[in-house]
Amino acid sequence: MAFCLIETDLGWFGLVWSPQRITRAYLPGETPEAMRARLARHGPETTEGPVFVSEARALIAEYARGESVSFASLPLDLSGVSDFNRRVYEDILRLNWGETTTYGDIAWRLGDVALARAVGQAMGSNPIPLIIPCHRVLGSGGKTGGFSAPGGREAKLRMLALEGVEADPQAGQLAFGF
């Protein structure tokens with residue numbers, strides 16, 4: 001495995017990959033030095049890598065400039081996540097630029113509206129944020145819900161605004177009203 005840092009208009013992103021797939025992504029919020037220290041456990045830093053790494057770097061930079069991009073062509077390694085989380089991530093990978101859904105809607109599509117909290121937990125443990133667009137998942141009534149990346153809900157609001165989405169900055173409600 002190896003990693004790189006990507007300087008963008010939103011700050012420094014981190015990307016980790018194996019020879020075949022992207023394994024992790026890190027959102028801006030740390031200094032390059034702090035991010036580099038955190039990512040060093042994944043392998044060496046390099047500017048070289050498979051073609052999909054160059055594509056991911058370009059797409060992330062374009063995204064940060066506010067350009068409508070799709071990460072659908074990037075190969076992702078979800079081997080370390082549970083089957084449930086994989087199903088959740090596969091669901092949100094269908095979301096396009098500026099398109100949102102809710103925790104409850106995902107739970108409904110997975111067959112049980114009672115799974116909404118579990119969907120929220122899956123969002124919080126997303127190993128490849130932005131590319132797996134957990135920022136596009138909202139609480140009921142358009143509330144932001146939580147966001148475990150650096151910057152918390154403010155970062156989520158900034159990413160949504162970049163895509164032309166307005167969300168209610170209030171925390172998501174604790175109980176879902178279906």
Side-chain angles (χ1 to χ4, degrees), residues 6 8-11 13-15 21-29 52 55-78 81-178:
I6 307 160
T8 75
D9 292 350
L10 293 176
F13 282 81
L15 193 65
R21 297 179 175 1
I22 294 169
T23 60
R24 297 194 73 71
Y26 293 86
L27 299 178
F52 66 83
E55 182 182 354
R57 291 172 66 122
L59 289 170
I60 290 168
E62 290 168 11
Y63 176 89
R65 287 192 300 267
E67 298 175 29
S68 175
V69 299
S70 170
F71 297 103
S73 65
L74 298 176
L76 307 179
D77 182 352
L78 297 176
V81 303
S82 71
D83 181 58
F84 177 78
N85 285 15
R86 186 176 294 110
R87 290 174 46 219
V88 171
Y89 302 150
E90 287 170 357
D91 183 272
I92 65 171
L93 280 165
R94 295 182 188 106
L95 296 173
N96 295 312
W97 175 273
E99 185 179 2
T100 62
T101 191
T102 67
Y103 302 104
D105 287 342
I106 294 169
W108 180 81
R109 287 191 295 273
L110 295 178
D112 185 352
V113 293
L115 294 173
R117 286 184 193 265
V119 169
Q121 291 172 342
M123 295 299 103
S125 60
N126 178 2
I128 312 173
L130 177 63
I131 295 170
I132 298 175
C134 57
H135 65 283
R136 294 178 182 152
V137 181
L138 304 173
S140 63
K143 291 180 172 47
T144 57
F147 199 56
S148 60
R153 282 186 300 196
E154 292 302 318
K156 185 174 186 172
L157 287 168
R158 190 170 46 253
M159 292 169 76
L160 290 169
L162 193 66
E163 296 183 33
V165 175
E166 289 186 38
D168 184 341
Q170 300 300 313
Q173 64 190 52
L174 296 176
F176 293 90
F178 294 107

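Residues: numbered from 1 along the sequence shown. For clarity, every value in this text was computed on a predicted model and none was experimentally measured.
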Step by step, work out the side-chain contact (heavy atoms from CB on, under 4.5 Å) result for Met123 and Ile92.
CA-CA 10 Å; Met123 295 299 103; Ile92 65 171; 3.8 Å; yes
Between Gly66 and Trp97, the two heavy atoms sitting closest are O-CZ2, 3.6 Å
For Pro129 and Cys134, the nearest pair of non-hydrogen atoms, with its separation, is CB-SG, 4.0 Å
| What's the verdict on side-chain contact (heavy atoms from CB on, under 4.5 Å) for Val137 and Val88, showing C-alpha distance, side-chain angles and the deciding distance? | CA-CA 11 Å; Val137 181; Val88 171; over 6 Å; no
One should read off an interatomic distance between Leu15 CG and Thr23 OG1, to the nearest 0.5 angstrom, of 8.0 Å
- prompt: Are more than 12 heavy atoms from other residues, nucleotides or ligands located less than 6.0 Å from atom CH2 of Trp108?
  reply: no
Heavy-atom closest pair (Ala107 atom, Leu115 atom, distance to 0.1 Å) is CB-C, 3.7 Å
dist Asp77:CG -> Arg24:CZ (nearest 0.5 Å) comes out at 10.5 Å
* Starting from the C-alpha separation in whole Å, work towards a yes-or-no answer on side-chain contact (heavy atoms from CB on, under 4.5 Å) for Phe71 and Leu76. => CA-CA 10 Å; Phe71 297 103; Leu76 307 179; over 6 Å; no
Tyr89 vs Pro127 side-chain heavy atoms within contact, under 4.5 Å: yes
N/O donor-acceptor pair under 3.5 Å between Arg86 side chain and Leu78 backbone
yes
(message) For the backbone of Asp91 and the side chain of Arg109, can you confirm whether one donor and one acceptor N or O come within less than 3.5 Å of each other?
(response) no
The reported gap from OG1 in Thr100 to CD in Glu163 (rounded to nearest 0.5 angstrom) is 9.5 Å
Where the side chain of Tyr103 meets the backbone of Gln121, is there a donor-acceptor pair that is under 3.5 Å apart?
-> no
In this structure, CG of Leu74 is separated from CD1 of Ile131 (nearest 0.5 Å) by 5.5 Å
Main-chain N/O of Leu138 paired with Lys156 side-chain donor or acceptor, under 3.5 Å
no
Minimal heavy-atom distance between Arg87 and Leu110, with the atoms involved, is NH2-O, 3.2 Å
Rounding to 0.5 Å, atoms CG (Leu162) and NE2 (His135) come to a distance of 8.0 Å
Value for CD1 (Ile132) from CG (Asn85), rounded to nearest 0.5 Å, stands at 9.5 Å
Closest non-hydrogen contact found for Leu59 with Ser70 is CD1-O, 3.6 Å
Just so I know, are the side chains of Met159 and Tyr63 near enough to count as touching, which here means a heavy-atom distance under 4.5 Å?
yes
